[in-house]
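A, B, ... follow the sequence lines: proteins, then strands. Residue 1 opens every chain.
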Amino acid sequence: MKIIINNITDFNLKYTLESGQSFRWNLVDDAYFGVVEEQIIKIQQNNDTLIIHSSYDKDKDSFKSYLHHYLDLHRDLANILNAVNIDAYIAQAIDMFWGMRLLNQELWETIASFILSQNNNIARIRNIIRTISMRYGQKLEYQGYVDYTFPNPKTISDAGVDAIFDCGTGYRASYLWNAAYNVDSGKLSLDTLKQMEYVDAKIELMKLEGIGEKVADCICLFSLGHLQALPIDVWIKRIFEQVYLRKRATPQQIRDFAKNYFGEFVGYAQQYLFHYAQNQPDWDNAEHLALTL
DNA sequence: TTCCAGGAGAGAG
DNA sequence: CTCTCTCATGGA
């Protein structure tokens with residue numbers, strides 16, 4: 001199936017797919033290939049046009065609508081970025097990565113991915129997810145690109161914790177297995193989670209072993225569409241301590257300040273700051289401090 | 001080779 | 001409540 005989305009505004013495919021919120025996209029020549037739910041999707045951006053090919057072969061209109069939502073195109077990004085563009089520092093980040101959007105990804109895979117993300121780096125997270133998918137997912141092939149679906153909770157639950165450990169997950173194996181078991185057994189309802197408000201969804205997610213505030217916020221932000229969520233990882237912590245607060249701060253202090261300072265779209269502000277910091281080649285000696293307010 | 005990563009849990013103070 | 005230690009692993 002081929003879908004063209006014309007006249008898109010304020011969207012940058014590269015920044016969106018390479019900003020550490022999804023671990024499943026690969027650049028092949030000028031196109032991004034990835035697995036979304038049960039199909040391979042190929043996306044190319046040509047200015048204000050998205051050219052999308054997919055192994056999906058059912059209803060075209062609903063799939064187009066799904067992609068629109070997945071890529072967050074239903075939001076007015078310019079309005080959001082203007083709202084959080086309130087100082088010289090974030091202005092740099094916004095200017096450099098204009099068009100980067102927060103994805104709305106499939107919930108179970110997002111839960112699993114960010115359980116695996118703790119105390120881990122992006123390159124290795126991608127490798128672990130690929131290994132789990134190769135071993136326990138369903139093989140897909142489209143236009144010569146081969147990849148695998150991410151296994152559902154039942155498959156992971158049935159595979160057992162040792163099998164998950166053997167995929168290179170380290171000590172996180174029991175966390176992932178436990179989450180899969182809870183979802184598969186109905187103890188945690190994904191549908192219910194999708195209906196909840198931000199705070200309730202976060203609390204519900206944190207009942208799972210291995211999900212603390214940071215991972216819960218990632219799931220809320222990258223899957224559930226809660227833009228108030230503020231994942232505080234080592235990068236975000238560094239930015240707020242060194243640029244904004246200019247002192248050591250607990251996650252709660254950072255959260256209180258950031259929500260008051262950036263407002264309801266703090267999650268979007270966070271994504272720009274995170275990606276900007278990650279692309280500073282030498283943070284410790286960078287001139288980011290001089291740019292401050 | 002050593003350091004570190006989209007952290008969380010347990011225990012101590 | 002806040003610190004500290006530990007947990008596997010491999011990319012850089």
Kindly say if A:Gln278 contacts the phosphate of B:dG6, meaning a side-chain N or O under 4.0 Å from OP1 or OP2. yes
So, A:Asp166 side chain and A:Asp162 main chain: donor-acceptor pair closer than 3.5 Å or not? no
Report yes if some heavy atom in the side chain of [X] is under 4.5 Å from a heavy atom in the side chain of [Y]; otherwise report no.
X	Y	value
A:Ile239	A:Ile236	yes
A:Val35	A:Ser133	no
A:Tyr244	A:Ile90	yes

State which residue, out of A:Leu273, A:Leu230, A:Asn260, A:Val84, fulfils the side-chain contact (heavy atoms from CB on, under 4.5 Å) condition with A:Val266. A:Leu230
Only one of A:Ile111, A:Ile164, A:Thr169 clears side-chain contact (heavy atoms from CB on, under 4.5 Å) with A:Leu116; which? A:Thr169
In whole Å, I'd like the distance from the [atom1] atom of [X] to the [atom2] atom of [N].
X	N	atom1	atom2	answer
A:Asn119	C:dT4	CG	P	17 Å
A:Arg255	B:dG6	CZ	C1'	13 Å
A:Glu213	B:dA8	CD	P	8 Å
A:Ile254	C:dT2	CD1	C1'	14 Å
A:Lys207	B:dA8	NZ	C1'	18 Å
A:Ile239	B:dG6	CD1	C1'	11 Å
A:Leu230	B:dG6	CG	C1'	12 Å
A:Lys214	B:dA8	NZ	C1'	12 Å

Say you pick atom [atom1] in [N] and the same atom in [M]; how far apart are they, in whole Å?
N	M	atom1	answer
C:dA8	B:dG11	P	16 Å
C:dC5	B:dC3	P	16 Å
C:dT4	B:dG6	P	23 Å

Look at all strands and tell whether [X] reaches a base, only sugar-phosphate, or nothing, counting heavy atoms closer than 4.0 Å.
X	answer
A:Gln253	nothing
A:Ser22	nothing
A:Phe23	nothing
A:Gly210	sugar-phosphate

[X] ring center near [Y] ring center (under 6.0 Å):
X	Y	value
A:Tyr56	A:Tyr66	no
A:His74	A:His69	yes
A:Phe97	A:Tyr272	no

Expected list for residues 155-182 of chain A near DNA chain C, using heavy atoms below 4.0 Å, is A:Phe165, A:Gly170, A:Tyr171, A:Arg172
Give me the residues of residues 121-133 of chain A where at least one heavy atom lies under 4.0 Å from an atom of DNA chain C, by number, or none. A:Asn121, A:Ala123, A:Arg124, A:Asn127
Face-to-face stacking of A:Phe274 with B:dG6, centres under 5.5 angstrom, angle under 30°: yes
Count the heavy atoms of every other residue, nucleotide or ligand shown that sit under 6.0 Å from NZ of A:Lys259, and state whether that count exceeds 12. yes
So for A:Gln271 and B:dG6, does any side-chain atom that can act as donor or acceptor lie under 3.5 Å from a complementary atom in the base? yes
